[in-house]
There are 2 protein chains.
Amino acid sequence: MTETRMLGVLGGMGPLAGATFMARLTLLTPAARDQEHIPAVLWSDPRVPDRTAARLAGGEDPLPWLVRGIRGLEAAGCGAIAIPCNTAHGWFDAMQAATPLPILHIVEAAADELGRLGLAAGPVGLLATKGTLAMRLYQDRLEGRGYRCLVPPEAEMDEAVMPAIERVKANRVAEAYAPLAEAAMRLVERGARGVVLGCTEIPLGIAAGPALPFPVADTIDALARAALAWARPAG
Amino acid sequence: MTETRMLGVLGGMGPLAGATFMARLTLLTPAARDQEHIPAVLWSDPRVPDRTAARLAGGEDPLPWLVRGIRGLEAAGCGAIAIPCNTAHGWFDAMQAATPLPILHIVEAAADELGRLGLAAGPVGLLATKGTLAMRLYQDRLEGRGYRCLVPPEAEMDEAVMPAIERVKANRVAEAYAPLAEAAMRLVERGARGVVLGCTEIPLGIAAGPALPFPVADTIDALARAALAWARPAG
């Protein structure tokens with residue numbers, strides 16, 4: 001058995017996003033047969049306490065659950081960790097301090113994806129959980145790269161974006177399309193040149209309807225590309 | 001952290017089938033939020049040597065790789081194992097002998113699925129790898145339940161079914177639809193009352209085109225239902 005590096009995936013947040021990450025990782029890999037695909041272990045534990053509730057409403061701390069998953073991926077022999085949940089990156093520093101394995105940062109991957117889409121700087125829309133917005137996971141990093149982040153108004157977050165994310169987690173994926181597409185469109189109407197789908201449930205909802213007529217940075221695909229670059233470094 | 005039973009998934013054979021199994025498991029679970037979904041670990045090692053080549057062409061034995069994955073799932077704390085690869089079930093007895101964890105049998109799950117589709121007995125078509133057909137994984141079990149299995153002729157296996165399975169593994173999923181749909185239709189023309197998609201790449205190809213106008217037993221969904229029944233026993 002030749003030893004190659006296995007990718008660790010800390011998923012389950014939500015479980016459909018983790019499964020879709022594995023599918024997109026596979027479909028984005030240049031491979032002609034099974035044995036050319038990337039070995040990976042997906043730790044899909046949907047019991048991790050809700051990240052937005054922990055940050056904004058005094059909910060249970062997810063960190064012990066996140067570290068437990070990381071220990072599982074370490075034990076499996078993984079060489080790096082990808083986490084297809086944006087809000088969980090609010091605990092990035094604590095997770096990285098808990099493991100010697102490199103953790104790929106989804107916001108850095110999303111910023112790279114914006115570049116790939118031809119959006120080098122300027123106003124971009126940001127759809128994400130209230131937790132991700134409140135922790136400024138995107139705003140601080142993207143503004144450091146010359147972007148300006150537009151986010152939906154509070155009422156639209158409460159009435160459209162958060163309920164749509166909850167529908168995806170409840171397997172009502174098709175019902176998430178319209179509110180998410182409308183929220184993205186409003187950001188473009190306000191001047192955004194593209195929209196970051198900064199919660200891994202959002203691209204699942206957006207995929208359930210017609211493609212949006214402006215650039216969108218899908219953070220599932222962005223993280224899958226970063227994982228591929230780790231697993232198969234060019235040159 | 002409450003202890004519930006984690007499902008172990010020995011996947012990667014191929015990796016898109018394993019990822020799709022995780023997605024279908026999620027979508028088939030009655031859940032209103034992340035925390036109501038089923039915890040699972042997917043061991044996705046696509047390096048497992050080709051199962052059909054091992055059985056029919058003296059290829060490398062996959063068993064050490066399969067057992068290695070089972071050890072990983074044991075170490076992760078899983079309580080049962082599902083294997084979304086039909087051909088790997090040719091090594092079922094050896095795998096079951098190697099672990100105290102129960103392994104859910106995909107052929108038993110497929111037989112249950114036929115019942116669910118209203119096909120209690122009689123002629124059914126069987127699309128699978130040449131390895132699965134040669135090992136009689138389906139024929140012996142289904143004939144014991146009163147079914148009669150119709151399989152494609154050798155030339156059609158070589159020219160249509162096996163190349164279509166290889167296309168899915170090579171991420172050319174859409175190109176797999178036509179040959180698989182035609183092979184299924186020919187089995188129905190020969191008298192099959194429904195068709196078992198007895199290789200987990202086959203439902204992926206069939207999903208890439210219009211739904212078939214006869215009952216099909218999707219072995220990814222069948223195994224996901226068996227896993228759900230294990231994780232959430234009724235009553």
Side-chain angles (χ1 to χ4, degrees), chain A residues 1-4 6-7 9 11-51 60 64-65 68-69 71-73 75-77 85 166-173 201 204, chain B residues 1-4 6-7 9 11-51 60 64-65 68-69 71-73 75-77 85 166-173 201 204:
Chain A
M1 296 181 189
T2 52
E3 274 309 323
T4 54
M6 279 185 100
L7 174 71
V9 183
M13 303 175 282
L16 193 58
T20 302
F21 174 84
M22 295 297 289
R24 294 299 300 156
L25 177 72
T26 302
L27 290 168
L28 290 169
T29 301
R33 56 196 190 103
D34 279 359
Q35 291 74 20
E36 293 172 16
H37 282 279
I38 292 168
V41 176
L42 167 66
W43 186 278
S44 179
D45 194 345
R47 297 168 298 174
V48 177
D50 186 83
R51 284 66 65 195
E60 185 186 349
W65 291 82
R68 181 193 207 186
R71 291 282 169 273
L73 295 171
C85 172
E166 284 156 18
R167 280 177 209 165
V168 173
K169 291 175 181 294
N171 290 338
R172 295 161 53 200
V173 181
E201 268 66 46
L204 306 179
Chain B
M1 297 180 189
T2 52
E3 274 310 323
T4 55
M6 279 183 100
L7 175 70
V9 182
M13 303 175 280
L16 192 59
T20 303
F21 174 85
M22 296 296 289
R24 293 300 298 157
L25 177 71
T26 302
L27 290 168
L28 290 170
T29 301
R33 57 197 190 100
D34 280 0
Q35 291 74 18
E36 294 172 15
H37 282 279
I38 291 167
V41 176
L42 168 64
W43 186 278
S44 180
D45 194 343
R47 296 169 298 174
V48 177
D50 186 82
R51 284 66 65 195
E60 186 185 350
W65 292 80
R68 181 193 205 183
R71 293 281 169 272
L73 295 170
C85 171
E166 284 157 18
R167 280 176 207 165
V168 174
K169 292 175 180 294
N171 291 337
R172 295 161 53 198
V173 181
E201 269 65 46
L204 308 178

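Heavy-atom basis, side chains included; hydrogens, waters and symmetry copies ignored. Chain naming here is simple, since letters A, B, ... match the order of the sequence lines and numbering starts at 1 in each.
Between A:Pro49 and A:Trp65 the shortest heavy-atom distance is CD-CD1, 3.3 Å. Heavy-atom minimum distance, A:Pro46 versus A:Ser44: CD-O, 3.3 Å.
Per-residue counts of heavy-atom pairs under 4.5 Å with chain A were compared for B:Val41, B:Leu27, B:Asp45, B:Val173; the largest is that of B:Leu27. Among A:Met22, A:Arg167, A:Arg71, A:Glu166, the residue making the largest number of heavy-atom pairs under 4.5 Å with chain B is A:Met22. Of the residues considered (B:Ala76, B:Ala75, B:Ala17, B:Gly72), B:Ala76 shows the highest number of contacts with chain A, using heavy-atom pairs under 4.5 Å. When each of B:Gly18, B:Pro30, B:Ala40, B:Ala23 is scored by its heavy-atom pairs under 4.5 Å with chain A, the top score falls to B:Ala40.
The closest donor-acceptor contact from the side chain of A:Asn171 to the backbone of B:Thr29 lies under 3.5 Å.
Proximity to chain A is limited to the backbone of B:Val48, based on heavy atoms less than 4.5 angstrom apart. For B:Leu7, no part sits under 4.5 Å from any heavy atom of chain A, backbone or side chain.
The side-chain hydrogen bond (donor to acceptor under 3.5 Å, both in side chains) contacts involving residues 30-41 of chain B comprise A:Arg51-B:Asp34, A:Lys169-B:Asp34, B:Arg33-B:Gln35, B:Arg33-B:Glu36, where partners must be two or more places apart or lie in separate chains. Applying the salt bridge (charged side-chain N to carboxylate O under 4.0 Å, His left out) test to every pair with at least one member in residues 13-24 of chain A, sequence neighbours left out, gives these pairs: A:Arg24-A:Asp221.
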